[in-house]
Chemist: 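The following block contains the structure, expressed as structure tokens.
Both counts, for ligands and for their atoms, begin at 1 and track the order of listing.
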Amino acid sequence: MTAPFADRLLAWFDQHGRHDLPWQHPRTPYRVWLSEIMLQQTQVVTVIPYFERFIARFPDIDALAAAEADAVLALWSGLGYYARARNLHAAARRMVEAGVPDSVEGWAQLPGVGPSTAAAIVAQAFDRRAVILDGNVKRVLARHAAVDTPQEAAATQRTLWALADERTPAARAADYTQAIMDLGATVCRRGMPRCEACPVSDDCQARRQGRVAELPVRRRRKPKPVRQRVLLWLEDGDGSLFVEKRPPSGIWGGLACLPVVETTADAESRLDALGLARDADWREQDRLRHVFSHFELDARVIAARVAPRGVAESAGEWHPIERLAHDPPVGLPAPVQRLIRERVAGH
Ligand code: SF4
């Protein structure tokens, strides 16, 4: 008879799982929570250096809660999905007031923490049984039980939660949680799963039915609308670039960015509003394309050398371009930082 799913997975984890991730030593609620938020939509290898820098600067919840929002965003710079950083900061402040929760329900009430993340935190930080269902786990379960309805459908979600619940053991909650996440990330991968190395392959329905490549099923997505914008690359004569802070909510909320206008016709009035005057004509410089969750940004980057005009107050800041490229003192969206870095490298 085949051993229970959890037993096989845990035996595999003991030998092949990841035991040296920085948030596992020590596995405190703060470190686990931070890692879980950073790991949303982001791979472990990318997260590790960010996690280490973040922990060095904000070693506990009190330090994070006491920080300025800009300092938090600056350390998040390049990791993307900045609402995560804003929520993290807000949640830290709430925990300083109300205490650190120790239940799934308590964690799920904090900003930025969904039911699966809340369960992952409780299981790993308190070693208490809690059922997780993140993207990796959904893929593993959809294949293992050959769930062939679209993942996005509410009925499929209910089925997957039930399958996850059935398989979650009463003991070794922290290890099981890490184990199933590791299995999804390293063996039952999105492309090219390594079924020959999989500890639960014996009763995997997708494998038996030869349907591994077609599962999980996703709804066909509509193409995303494209938003055309123009970014203004404004340099002074001393190698500094003008950036301004975005409004707190919305795309790149709270981050510093090149001024954004809808069309080139708006560029001039924007310069006026910023109290800047151009020394020469605009130059077409680059193009920045970036895919957001709900639309695609297609931005032309036009450049000009500018100088402050009169005593007008400007809403932005000047920073040396080299500094923005390699060690930004302000939080910059990753694609904008990349653009600046490529520009610097091209000179
Ligand atoms: S046998 Fe293959 S498809 Fe099935 S769970 Fe394992 S890795 Fe995934």
Chemist: Under 4.0 Å from a heavy atom of Ser201: which atoms of ligand 1 are those, numbered in the order shown and with their elements?
Modeler: 1 (S)

Chemist: Taking the six-membered ring of Phe126 (Phe, Tyr or Trp), confirm whether the NZ or CZ of Arg128 is under 6.0 Å from its centre and within 45° of its axis.
Modeler: yes

Chemist: Kindly give the heavy-atom pair with the smallest separation between Trp23 and Arg31, and that separation in Å.
Modeler: CB-O, 3.8 Å

Chemist: Can you find a pair of side-chain heavy atoms, one from Gln178 and one from Leu21, that are under 4.5 Å apart?
Modeler: yes

Chemist: How far is atom 6 (Fe) of ligand 1 from the closest protein heavy atom, and which atom is that?
Modeler: Cys198 SG, 2.3 Å

Chemist: Give a yes or no on whether Cys188 keeps an N, O or S atom under 2.8 Å from atom 4 (Fe) of ligand 1.
Modeler: no

Chemist: Could you list the atoms of ligand 1 found under 4.0 angstrom from a heavy atom of Cys204?
Modeler: 1 (S), 3 (S), 4 (Fe), 5 (S)

Chemist: In terms of atom number and element, which parts of ligand 1 are under 4.0 angstrom from non-hydrogen atoms of Arg143?
Modeler: 3 (S)

Chemist: If you take all heavy atoms of Leu133 and Gln157, which pair is closest and at what distance?
Modeler: CD2-O, 4.2 Å

Chemist: For Cys195, counting its heavy atoms only, list the atoms of ligand 1 lying under 4.0 Å from any of them.
Modeler: 1 (S), 2 (Fe), 3 (S), 7 (S)

Chemist: Spell out, as yes or no, whether a donor-acceptor pair under 3.5 Å connects the side chain of Arg305 to the backbone of Ala280.
Modeler: no

